[in-house]
Engineer: 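The following block contains the structure, expressed as C-alpha cells.
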Amino acid sequence: MKIHFIVVFLLFTSSIAFSQTKLLSWNIANFGKSKSDQEIAFIANTIKDYDIVTIQEVVAGNGGAQAVARLADELNRKGTKWDYRISDPTSSSAYKTERYAFIWKTSTLKLKGKPWLEQKYHLEIEREPYFATFEIKGKSITVASFHAITKNKQPETEIKHFKLLPQEYPNLNLLFAGDFNCPQSHSVFNPLKKMGYAPILENQKTSLKLNRKGDNCLASEFDNMFYKTNSINYIKSDVILFYEKFVSLKEARKVSDHIPIWFEFSLN
C-alpha cells in the first residue's frame with residue numbers, strides 16, 4: 001500500500017511539474033544586425049532554459065528579423081527544437097517603428113493560429129502589442145508583448161487602453177508582458193488590477209544605469225507581466241541579472257539596457 005501511494009504521488013508531482021511553463025520577456029536593445037555572433041550566443045545561453053520567450057525592440061529594418069533567426073538557430077544547436085514568429089513592423093509613423101518576436105520550445109507547447117498585431121487601438125498605441133496564443137497540455141494562453149513609448153512621452157496614455165483588451169478578446173486567457181516604461185504601482189494599471197490581473201514583479205527595477213554606483217546597477221521599474229489570477233496559477237517569478245557576467249555596464253549594455261524578467265506558471 002505504501003509503495004502504491006509513493007508511485008501515485010510521484011506520478012502526480014511529475015504531472016504538475018510537466019504542466020509548469022516558464023515565460024521570459026526581454027527588451028533587447030536595438031536587436032538587429034549590430035548584435036555580434038558572440039552576443040547572440042550569450043543571449044541564447046541566457047534564455048535556453050525557458051519555454052516561451054518574447055522579445056521587444058526587434059529592429060524593423062537593418063537585420064532585425066535575421067537576428068531573431070540567428071538566435072533561433074543558436075538555440076536549436078543546444079539539443080532542443082525551437083520555433084519562432086516575428087511581427088510585421090508596428091504601425092507607428094510619429095515614433096520609432098519596431099518588430100516583436102516570440103520564440104518557443106516545440107516539445108513543450110504548440111502555437112495556435114497566427115500571431116497578430118493589435119489593430120483596434122493601433123492609432124492610440126504607437127507600437128501596438130503583438131499577440132500569440134499557445135496551447136499547453138490542452139489549455140491555452142495568449143501572450144501580448146508590448147513596448148511602450150518612453151517615460152517622457154507619458155506611456156500611461158497608451159497603457160490606459162489595455163483595460164479594454166480583455167473585453168476585446170473575451171474568450172482569450174490574456175497575459176500582458178513587456179516594457180511598459182512605467183512602474184506597476186502607477187494608477188493606470190488599477191483598472192486591470194480590479195479585473196483580476198496581477199503583476200509578477202513589485203518594486204523590481206529592470207533597466208540598467210549608464211554607470212555603476214557601488215552595487216546599484218538598476219535604474220527604473222519598467223518591465224513586468226500582468227496575468228489573470230483566476231486562470232493562471234502563479235508559481236515563481238524573478239529577473240536575470242545578466243550584467244553581472246560583464247566587467248562593466250558599458251559592456252553589458254551592448255547586449256541590452258534592460259534585464260530579462262520571467263514567470264513560471266501553470267494553467268488552471
Side-chain angles (χ1 to χ4, degrees), residues 23-32 34-35 43 47 52-65 67-68 71 84-103 115-132 142-165 174-184 186 188-189 192 197 199-201 204-208 218-227 239-240 242 253 255-263:
L23 166 65
L24 181 141
S25 176
W26 197 356
N27 175 343
I28 304 180
N30 195 34
F31 193 53
S34 65
K35 299 301 182 200
I43 292 166
I47 68 176
I52 317 172
V53 174
T54 182
I55 300 171
Q56 301 89 38
E57 210 169 305
V58 177
V59 176
N62 208 22
V68 177
L71 177 58
Y84 66 93
R85 294 291 185 276
I86 307 164
S87 76
D88 290 332
T90 53
S91 61
S92 169
S93 56
Y95 199 55
K96 183 183 176 186
T97 184
E98 293 172 2
R99 297 179 191 263
Y100 297 97
F102 285 103
I103 313 177
W116 71 96
L117 285 168
E118 170 57 43
Q119 292 301 309
K120 187 161 186 180
Y121 302 104
H122 76 279
L123 295 177
E124 291 84 4
I125 301 174
E126 294 278 5
R127 292 176 293 219
E128 63 271 34
Y130 185 47
F131 293 74
T142 301
V143 181
S145 188
F146 178 56
H147 185 196
I149 52 178
T150 55
K151 186 178 179 180
N152 62 357
K153 291 181 178 286
Q154 297 181 303
E156 58 271 21
T157 60
E158 294 186 326
I159 298 167
K160 69 181 183 182
H161 297 287
F162 274 64
K163 66 187 177 189
L164 304 172
L165 293 174
L174 291 175
L175 181 148
F176 304 107
D179 173 11
F180 295 91
N181 277 312
C182 190
Q184 63 79 30
H186 194 289
V188 73
F189 291 109
L192 273 180
Y197 286 84
I200 65 163
L201 301 171
Q204 173 63 61
K205 294 177 179 179
T206 58
S207 64
L208 291 184
L218 297 174
S220 300
E221 186 186 344
F222 283 165
D223 303 81
N224 219 317
M225 302 183 198
F226 292 83
Y227 69 100
V239 298
I240 300 175
F242 80 90
R253 288 172 64 94
V255 174
S256 185
D257 54 354
H258 288 247
I259 58 175
I261 66 172
W262 60 268
F263 178 36

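All values below come from the heavy atoms of this structure, side chains included, with hydrogens, waters and symmetry mates left out.
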Engineer: By the definition side-chain contact (heavy atoms from CB on, under 4.5 Å), identify the one residue from N27, N181, I261 that meets it with F222.
Structural biologist: N181
Engineer: So I28 and K35, side chain to side chain contact (heavy atoms under 4.5 Å, CB included) or not? Walk me through it.
Structural biologist: CA-CA 10 Å; I28 304 180; K35 299 301 182 200; 4.0 Å; yes
Engineer: Does the side chain of F189 come within less than 4.5 Å of C182's, by heavy atoms?
Structural biologist: yes
Engineer: Sequence neighbours excluded, which residues qualify as side-chain contact (heavy atoms from CB on, under 4.5 Å) partners of P199?
Structural biologist: Q184, K193, E202, N224, F226
Engineer: Between V143 and F102, what is the shortest heavy-atom contact and its length?
Structural biologist: O-CZ, 3.4 Å
Engineer: Between atom CG of L192 and atom CD1 of I159, what is the distance when rounded to the nearest 0.5 Å?
Structural biologist: 9.5 Å
Engineer: Would you compute the distance between atom CE of M225 and atom CZ of F146 and round it to the nearest 0.5 angstrom?
Structural biologist: 15.0 Å
Engineer: To the nearest 0.5 Å, what is the distance between CZ (F131) and CG (L117)?
Structural biologist: 9.5 Å
Engineer: What I'd like to find out is whether the side chain of Q56 reaches to under 4.5 Å of the side chain of W26, using heavy atoms alone.
Structural biologist: no
Engineer: Testing Y130, F162, F263, Y227 for ring-ring contact (aromatic ring centres under 6.0 Å, His included) with F176, which one passes?
Structural biologist: F162
Engineer: For A67 and G32, work out which heavy atoms get closest and say how close.
Structural biologist: CB-O, 3.7 Å
Engineer: When rounded to the nearest 0.5 angstrom, what is the spacing between CZ in R253 and NE2 in H258?
Structural biologist: 8.5 Å
Engineer: Can you check whether L71 reaches I47 side chain to side chain, under 4.5 Å on heavy atoms?
Structural biologist: yes
Engineer: If you take all heavy atoms of I149 and P155, which pair is closest and at what distance?
Structural biologist: O-CB, 3.4 Å
Engineer: Report the distance from atom CD1 of I259 to atom NZ of K205, rounding to the nearest 0.5 Å.
Structural biologist: 11.5 Å
Engineer: What I'd like to find out is whether the side chain of F180 reaches to under 4.5 Å of the side chain of T206, using heavy atoms alone.
Structural biologist: no
Engineer: For a side-chain contact (heavy atoms from CB on, under 4.5 Å) with H147, tell me which candidate from E128, E126, E98 qualifies.
Structural biologist: E98
Engineer: Might you point out which heavy atoms bring S220 and S207 nearest each other, and give the distance in Å?
Structural biologist: N-OG, 3.0 Å
Engineer: Would you check if there is a donor-acceptor pair between the side chains of T97 and T90 at a distance under 3.5 Å?
Structural biologist: yes
Engineer: Determine the minimum heavy-atom distance between E158 and A148, stating which atoms define it.
Structural biologist: OE1-CA, 3.5 Å
Engineer: What's the separation between atom CD in E57 and atom NZ in K96, rounded to the nearest 0.5 Å?
Structural biologist: 4.5 Å
Engineer: So, do L165 and E118 sit near enough that their side-chain heavy atoms are less than 4.5 Å apart?
Structural biologist: yes
Engineer: Taking R127's backbone N and O only, do any of them form a donor-acceptor pair with Y100's side chain (distance below 3.5 Å, no angle check)?
Structural biologist: yes
Engineer: Who are the side-chain contact (heavy atoms from CB on, under 4.5 Å) partners of V58, not counting sequence neighbours?
Structural biologist: F31, I55, V68, R99, A101
Engineer: Between I52 and L24, does the side chain to side chain contact (heavy atoms under 4.5 Å, CB included) criterion hold? Intermediate values first, please.
Structural biologist: CA-CA 6 Å; I52 317 172; L24 181 141; over 6 Å; no
